[in-house]
Amino acid sequence: MNNYSEDGAQNNRMERQTDEGRCCWVCFATNDDDELAEWVQPCKCSGTARWVHQQCLQRWVDEKQKGNSFRRVNCPQCQTEYIIVFPAMGTLIGVLEGIDTMVKRLSPFLAASVMVGSLYWTAVTYGAVTVLQVIGHKEGLQMMENSDALVLLIGLPAIPVALIMGRMIRWDDMILRFIQNRSGSARKFPLLSLVLPFPEENTDDTVPNQNVAILSDQLSGTRIFCGALLLPTFSAIFGRLFFESIQNNVHRTLIGGLTFIVIKGAFKIYFKQKQFVRRRQRKILDYTDDNLSRFSQRDNRPAARQLAAVGQFL
């Protein structure tokens, strides 16, 4: 019996000593620093992390909740969830708080809906302008007035989508890759050899063939977008310049657009083939003082650029 009394007394003395030596784990202040401060034990921690000022913990909880008073907060040490209670504020405050929470949750969806709606009506407007540009102002207005509303709401925004999807078909790169992979067969056609440059064939059996990667542009979203949306304008311009004798606006614009695409693709194929030939004929020289002075000082251009174009000087 005496042993139990002694153990209880010893535990009480230890608790009093711990209470007297309390230290806030947020501001590190003790009882001696502020005897009137309110203390709290919010979790299962013991030792130095057991006690914390009520005000210090309130500020720390505010930082963790980031404006959401109902967000759960746990102790950073033992991960115990803090028991946070609020005083009764009345029915009106509860209703207003519920409305505020609902608005915060619905705002992202509402903003996304507004953006999607703006893009949709922008696409509708662009589709209508394209119809007027291709068919003609008077004929286009008459066609849209006689069309069903549902057809217009679906068909007009589909115009820019179809243009962008069509712009992503890189037919010129397919033709260029076919020509470069079969350059030996392509040389048999004199007209093709006259138009397109081909690298010189390697007749020396001791030198292995060079396997150079075929150049290809990386997909650029902005370039595809701008090129697709400007295609009807260029089609109308080419139609008026080269096919003025065609009376039908649609036929003239379609033929003008096809002509523009073919001419643009031909120039691109020629340009890429020239780059391919230049890359195929490049050489890397020995790093000597003679080569360095020869190519680094010419036209005040960097040595690397000169070495890349060394085939032009050899």
Side-chain angles (χ1 to χ4, degrees), residues 122-123 126-136 140 155-201 209-282 305 308-309 311-312:
T122 301
Y126 176 84
V129 172
T130 304
V131 170
L132 298 178
Q133 189 176 32
V134 172
I135 300 179
L156 292 179
I159 293 176
V161 175
L163 290 174
I164 294 175
M165 295 297 293
R167 182 67 174 80
M168 295 178 67
I169 300 175
R170 310 180 72 177
W171 62 272
D172 45 1
D173 282 352
M174 297 178 187
I175 296 177
L176 182 62
R177 189 177 298 273
F178 178 81
I179 293 175
Q180 292 176 354
N181 287 333
R182 293 166 176 80
S183 58
S185 301
R187 295 175 187 274
K188 299 178 181 179
F189 298 93
L191 182 61
L192 186 60
S193 301
L194 182 63
V195 175
L196 284 179
F198 288 96
E200 297 180 359
E201 291 183 338
N209 292 328
Q210 300 180 15
N211 294 323
V212 181
I214 298 175
L215 296 176
S216 180
D217 289 335
Q218 295 182 353
L219 288 176
S220 173
T222 55
R223 186 170 182 175
I224 291 175
F225 181 79
C226 294
L229 298 187
L230 290 176
L231 179 59
T233 302
F234 285 112
S235 300
I237 293 175
F238 269 67
R240 294 190 183 98
L241 288 178
F242 301 105
F243 305 100
E244 189 177 359
S245 58
I246 300 177
Q247 300 299 324
N248 190 292
N249 292 329
V250 178
H251 295 169
R252 182 173 62 244
T253 304
L254 290 178
I255 296 176
L258 183 61
T259 304
F260 169 73
I261 293 175
V262 171
I263 293 176
K264 176 177 173 292
F267 275 107
K268 185 176 181 180
I269 292 174
Y270 178 79
F271 173 68
K272 287 297 180 181
Q273 182 66 12
K274 289 288 289 185
Q275 287 184 322
F276 174 76
V277 172
R278 184 181 64 181
R279 191 181 182 193
R280 186 74 178 269
Q281 295 178 348
R282 69 182 179 183
R305 187 177 176 184
Q312 300 177 2

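Sequential numbering from 1 along the given sequence is applied to the chain's residues.
Pairs engaging residues 242-256 under the side chain to side chain donor-acceptor pair (under 3.5 Å) rule: N249-R252 [sequence neighbours left out].
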What side-chain donor-acceptor pairs closer than 3.5 Å can you find for residues 254-267, not counting sequence neighbours?
from	atom 1	to	atom 2	distance (Å)
T259	OG1	I255	O	2.8

Side chains of residues 224-238: which donor-acceptor partners sit under 3.5 Å, not counting sequence neighbours?
from	atom 1	to	atom 2	distance (Å)
T233	OG1	Q133	NE2	3.3
S235	OG	L231	O	2.7

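L241 CG: more than 12 foreign heavy atoms inside a 6.0 Å radius.
The closest side-chain heavy-atom distance from Q273 to K268 is not below 4.5 Å.
In this structure A162 satisfies the side-chain contact (heavy atoms from CB on, under 4.5 Å) test with no other residue, sequence neighbours excluded.
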Open item on the list: Test side chain to side chain contact (heavy atoms under 4.5 Å, CB included) on R170 and D172; report intermediate values, then the result.
Closed with: CA-CA 6 Å; R170 310 180 72 177; D172 45 1; 4.1 Å; yes

